[in-house]
Structure formats: C-alpha cells, structure tokens
Amino acid sequence: MNNIENLDKNRDSDTVNAYFKDIFTFAGIGIITLDSKNNIEFINEEALNIFGYTSIELINTNFSALIHSADQESFSLYIQSNNSLSPAEFKGIHKDNSAFPIEINISSKLLNNNFIYTVVIRDITELKQNEENLKHQAYFDSLTEIPNRTLFLDRSEIALNQAKRSQEGMAIIFIDLDEFKELNDTLGHDAGDVMLKTISKRFINCARKSDTVSRRGGDEFTILMPRISNIKDAVKLAERILDSNKSAIAIKDKMVSPKTSIGISIYPQDGDSIETLINNADKAMYSAKESGKNQYAIFNSN
C-alpha cells in the first residue's frame, strides 16, 4: 500500500513540476537562470524572442554576451551584489547585433555554496519611444517641429546665467508675422499652417547654429542669441530675416510674400531677467509694427 501511495505522490509531483515548467517556459516575460559564473542554464520562450536566438544557441553561453559592451562594467557591478535587486536598465544586444533597451531584475540564491541567479528581462523599446515622444511633445511645437515656449525659456535661463558669469552679451528677438490673420481669413488655416512651417525654416536658416528659434504661439516667434559680441550681431540676424522675406512663398497657387515685425532687446542694458528681456523685445516689435511693419526695432527705454 505504501508503494502505491509513494508512486501516486511521485506522479503528482511530476505533474506539478511539468505544470510550473510550462508556466516558466511560456511566461509573457523573459526569464533566464544563470549559474555562479553567469552562464545561461535555462532561458524561456519570451527571452529567446527578445534576443532573437534559439535555446541551443544560448545554453551555457555567458549572459554578458547579451549585454552591450558599453554596459558591461555597470552590469558586472550590478550582478555582483548577490542580492535581490531593484530593476535596472541596460542596453541589450540582439542576435543581429542591434542594440535595444532592456530592463533587468535579478534575484540570487545560495545553493551548495554557489550563487545561482534568476534574471527577469523586459524589452522596453516601446516604453522608451513613448517617453521620447512625450518629451518631444513637451518641448517642441507640434506644427513647426521647432522648440516651443517651454524649451525656449529653459535655454534662455541657462544662457542668461552663462552671460552673467562670463560677462557676455545676449539678445532676445521677438517676431510677429504681419497680416497673418488676413492670410488665414482669405486662404484658410491650412494656408496659414504652410506659412508658419515655411517661415520657421527660414528663421533657422538665418540664425546661427548656437541660436534657438522657437514658436511662442500663434504667429509669434522668439529667437535666443547667446554670446553675442555686440548689438550688431542681433541686427544682422534681423536683416537676414527681412531679406529672406523678399522670396515669396507658394500657397494654394498664390505667391505670398511674408512680412515680419521684429523687436530686439539686449542683455545687460535692456534687462537682467528673461521675462524683462522678452517683454522689452515685444515692445520693440510693436514699435516696428507701428512704424510701418516688415522692419526691425531695437528696444529703447526712453
């Protein structure tokens, strides 16, 4: 009777082991077990899919072969702690040698005086891409793809602090498109979108590589010019923009000549804060508009 009971228990144990092995093998997350030398002892289907290998290709392979060379040292330090660790991000290497971001969570257990490791792996490529998309949306204008007001202010604060430390000059240029409302009213908002996208590219082509061209909103743009020698640098940029306006833009079978009113303020004489410099450049822009449009004006406190 005891032999029959033992046989039944063994059968039950084998059934349970097979059940958990199936769960382990076909789990929807990558799982790998390593020996004390970090060689792969077992790898499930999801982990094979993540890296693009077959089981035969990876069994007894050192796990470091799946980690990008740039992350080898940090991964070595991570696994040497021999404890259950918080998830960490590394660059994985696919079978085709392409790098991709992975999240790893490792737990270790001492068995027969040797550590064995269980590695849980997640491909976070899509997560990272979503993060980049959200970051882009937060700092770049969706229509023109140039920096928005938030990024402009961030860069301006950095440039202003640099100017104060180095006793350098910097300029804020405020631009408003003249007669933009009339363009929208006569040709439609899609025509206005064409104008905004085209004119933003022109501003970038006119500016220096170190400058930041941004869309403030609507038909308003601002340009940050760090490290200028004198006001002439800002004036030259304004003149280049006005010169570019001479080339008409094709919109709905019509040739439309853009017009821009431009205001210039300079640190330190026109303000020692970004808010003040922007406000003064805005005032100068309105002065240019009141003087006939499609021209520039330099802020004058008098």
Side-chain angles (χ1 to χ4, degrees), residues 139-156 159 170-208 211-226 228 231 233-249 251 254-267 270-271 273-302:
Y139 290 105
F140 290 85
D141 178 60
S142 59
L143 176 66
T144 62
E145 294 295 319
I146 65 174
N148 61 14
R149 181 193 302 228
T150 301
L151 184 54
F152 177 83
L153 292 175
D154 286 351
R155 291 183 178 178
S156 295
M170 62 170 278
I172 297 292
I173 295 180
F174 201 110
I175 306 171
D176 183 83
L177 302 189
D178 298 324
E179 301 170 4
F180 183 73
K181 184 179 183 300
E182 289 83 346
L183 175 67
N184 275 334
D185 292 342
T186 56
L187 298 181
H189 288 282
D190 53 340
D193 289 348
V194 172
M195 172 65 78
L196 291 170
K197 288 190 282 189
T198 303
I199 204 75
S200 64
K201 291 178 182 178
R202 289 190 178 184
F203 293 160
I204 291 172
N205 290 334
C206 291
R208 307 171 304 175
D211 300 337
T212 295
V213 177
S214 77
R215 183 183 177 198
R216 186 169 177 84
D219 60 346
E220 293 181 339
F221 294 80
T222 47
I223 302 178
L224 165 68
M225 295 189 72
I228 63 171
I231 196 171
D233 292 332
V235 168
K236 287 179 181 178
L237 173 53
E239 290 174 344
R240 287 195 296 270
I241 291 172
L242 294 173
D243 190 57
S244 72
N245 290 346
K246 296 175 183 178
S247 298
I249 299 171
I251 303 177
K254 294 183 179 292
M255 299 304 294
V256 180
S257 295
K259 298 178 181 179
T260 52
S261 292
I262 304 170
I264 302 171
S265 67
I266 305 293
Y267 169 81
D270 297 331
S273 72
I274 295 302
E275 181 180 5
T276 301
L277 290 167
I278 291 175
N279 288 339
N280 287 340
D282 186 24
K283 292 176 183 177
M285 180 274 294
Y286 274 106
S287 176
K289 195 175 285 285
E290 291 170 357
S291 298
K293 303 180 181 179
N294 202 37
Q295 57 185 291
Y296 71 87
I298 300 169
F299 176 72
N300 187 341
S301 59
N302 297 327

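These figures come from a predicted structure and were not determined experimentally.
- When side chains are defined from C-beta on, Ile266 counts as touching Ile228, because their heavy atoms get closer than 4.5 Å.
- Side chains of Thr260 and Phe221 form no contact here, defined as non-hydrogen atoms less than 4.5 Å apart.
- Side-chain contact check for Leu151 versus Asn148: some heavy-atom pair is nearer than 4.5 Å.
- What you find for Ile173 and Ile264 is that their closest heavy atoms are CG1-CG1, 4.2 Å.
- Arg208 is listed as a side-chain neighbour of Pro226, based on a closest heavy-atom distance under 4.5 Å.
- The minimum heavy-atom distance linking Tyr296 with Ala288 is given by the pair C-CB, 4.0 Å.
- Around the CD atom of Glu182, the shell of radius 6.0 Å holds more than 12 heavy atoms that belong to other residues, nucleotides or ligands.
- Taking both residues in full, the closest heavy atoms of Ser200 and Ile146 are given as CB-CD1, 4.0 Å, listed atom of the first, atom of the second, then distance.
- Of the N and O atoms on the side chains of Thr212 and Arg155, at least one donor lies less than 3.5 Å from an acceptor on the other residue.
- Under the 4.0 Å criterion applied to side-chain N and carboxylate O atoms, Asp178 and Lys293 are not assigned as salt-bridge partners.
- Tested against Asp176, the residues Lys283, Lys289, Arg216 include a single salt bridge (Lys or Arg N to Asp or Glu O under 4.0 Å) partner, Lys289.
- Here the options are Ile223, Val213, Ile172, the test is side-chain contact (heavy atoms from CB on, under 4.5 Å), and the partner is Phe152; only Ile172 passes.
- In this structure, Tyr139 places its OH atom where only 12 or fewer heavy-atom neighbours from other residues, nucleotides or ligands lie under 6.0 Å away.
- Residues Pro258 and Leu177 fail the side-chain proximity criterion, which asks for heavy atoms closer than 4.5 Å.
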